[in-house]
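Take a look at the structure set out below.
Proteins get letters first, then strands, A, B, ... in listed order; numbering begins at 1 in each.
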Protein chains: 2
Amino acid sequence: MSLRHALLGLLADRPASGYDLLKLFDTSLANVWPATQSQIYSELNKLAAAGLIAVAAEGARGRKQYALTDAGRDELSRWLTETDPARNHRSEVLLRVFFLGEISRAQAHDYLAGLAADFAKEDQALRDLERSVDWDDGNLSVYGRIALEYGLRFSVMRREWAEWAAEQVGEQ
Amino acid sequence: MSLRHALLGLLADRPASGYDLLKLFDTSLANVWPATQSQIYSELNKLAAAGLIAVAAEGARGRKQYALTDAGRDELSRWLTETDPARNHRSEVLLRVFFLGEISRAQAHDYLAGLAADFAKEDQALRDLERSVDWDDGNLSVYGRIALEYGLRFSVMRREWAEWAAEQVGEQ
DNA sequence: AGATACATGTAACATGTTACATGATTTA
DNA sequence: TAAATCATGTAACATGTTACATGTATCT
């Protein structure tokens with residue numbers, strides 16, 4: 001049920017339409033909690049039916065601008081403070097590593113070396129993102145920066161691990 | 001479609017029944033690709049229908065021991081070498097961090113400090129696991145060890161990050 | 001006038017979780 | 001013989017993806 005809390009969280013910052021939220025997901029939440037247009041629109045209707053958000057204004061082209069209700073703000077706060085995050089396991093990368101014994105050592109080495117290169121690229125992309133963001137707007141900036149730092153440390157850790165693993169497997 | 005490849009990978013090591021596989025998922029793959037009993041049995045039927053596995057022997061209590069077919073081994077190898085892992089994003093932890101501005105600084109600090117403690121516990125659990133495993137049986141051992149090393153580095157990275165983040169937010 | 005961006009919605013399908021249902025064999 | 005373990009399966013529901021469908025407003 002995290003999608004609904006992602007929507008509540010974004011709407012806590014400012015009112016927005018489904019279309020606005022879709023773009024926010026594609027930019028700020030893309031690396032944290034991706035969601036599709038289809039999911040967003042139907043979840044917004046459920047949230048409105050549950051009274052956690054409400055249409056604050058209607059605009060051109062059928063635009064419905066949603067805002068958090070008091071119940072919605074309470075629910076967001078409750079989720080943040082009272083519920084435990086169900087840490088998500090499931091790593092397709094690790095699943096493959098588990099079964100690398102099924103292919104040759106050389107192929108396994110190349111796979112791991114390729115991973116290292118991918119992670120290095122990801123690291124670079126995050127560093128570019130870091131430079132492109134304006135880090136001067138309050139809370140969202142403080143915690144967005146902390147979330148980005150996680151991504152940076154994560155990509156470095158994975159690159160170093162993949163390099164180490166490739167070495168373990170050996171080139172031949 | 002990774003569940004099917006997880007099953008193929010386990011069956012590549014040795015033939016097994018759904019029940020055997022269920023236990024393998026709960027032990028060796030629990031931290032990599034969890035699956036439920038319900039999922040495993042229905043996927044085994046689909047894999048058998050697709051000709052990637054076959055019933056090699058039937059035992060007591062309706063036990064069906066499955067083994068990889070040649071087509072299954074090819075598919076596993078194809079998956080390992082020719083397809084790209086769709087890296088899984090989606091971190092409920094990071095989603096919460098993103099919205100910590102909605103609660104007080106003190107509450108946010110406590111949340112991050114609590115995360116650091118959780119990650120420290122996870123690290124300890126993995127180190128216990130490392131000690132309890134017999135690392136002397138070939139491929140599964142080599143690559144299982146590499147996967148575990150990922151988990152160890154990951155838990156350390158997250159603990160250090162959470163400690164850093166708690167400090168950033170400040171205790172008051 | 002045509003292209004692009006804005007804006008919302010539904011349908012079909014795949015994947016994943018929880019709970020229910022049933023029965024056989026082994027062990028204490 | 002009672003409990004635990006072995007063993008498989010189905011049903012209901014939640015979540016997530018892709019594709020289809022429709023129409024309006026703005027910009028060039």
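Counting only N and O atoms by type, the side chains of B/H5 and B/E75 include a donor and acceptor under 3.5 Å apart. A/D20 and A/S17 share a donor-acceptor pair across their side chains, judged by distance under 3.5 Å alone.
Distances shown here put a side-chain N or O of B/R90 below 4.0 Å from the OP1 or OP2 atom of D/dT17. Taking side-chain N and O atoms only, B/K23 has no distance below 4.0 Å to OP1 or OP2 of D/dT5. For the pair B/R63 and D/dT5, the criterion of a side-chain N or O lying under 4.0 Å from OP1 or OP2 is not met.
In this structure, A/R159 is not positioned above the aromatic face of A/W164 in the sense of NZ or CZ being under 6.0 Å from the six-membered ring centre and within 45° of the axis. With a 6.0 Å cutoff to the six-membered ring centre and a 45° limit on the axis angle, A/R96 does not count as a cation-pi contact of A/F99.
Distance, A/L3 CG to C/dT15 C1': 16 Å, rounded to whole Å. If you measure from atom CG of B/D26 to atom C1' of D/dT5, you get 15 Å, rounded to the nearest angstrom. Distance A/R61 CZ to C/dA5 P: 12 Å, rounded to the nearest Å. What separates CZ of A/R4 from P of D/dT15 is a distance of 8 Å, to the nearest Å. Atom OH of A/Y19 is separated from atom P of C/dA5 by 8 Å (rounded to the nearest Å). Distance A/K46 NZ to C/dT8 P: 17 Å, rounded to the nearest Å. At whole-Å resolution of the value, OH in B/Y41 and P in D/dT8 are 4 Å apart. For the pair A/Q37 CD and D/dC20 P, the interatomic distance rounds to 14 Å; values are reported in whole Å.
Comparing A/G62 and A/P34 along DNA chain D, the residue whose closest nucleotide (by nearest heavy atom) sits nearer the 5' end is A/P34.
Picking from D/dG9, D/dA19, C/dT17 the nucleotide with the shortest atom distance to the side chain of B/T36 gives C/dT17. Comparing D/dT5, C/dT10, C/dG16 by their nearest atom to the side chain of B/W33 picks out C/dG16.
The base of D/dT15 is not paired with the side chain of A/Q39 by any donor and acceptor separated by under 3.5 Å. Between the side chain of A/S38 and the base of D/dT18, at least one donor-acceptor pair of N or O atoms lies under 3.5 Å.
At most 12 heavy atoms of other shown residues, nucleotides or ligands fall within 6.0 angstrom of atom CG in A/D70.
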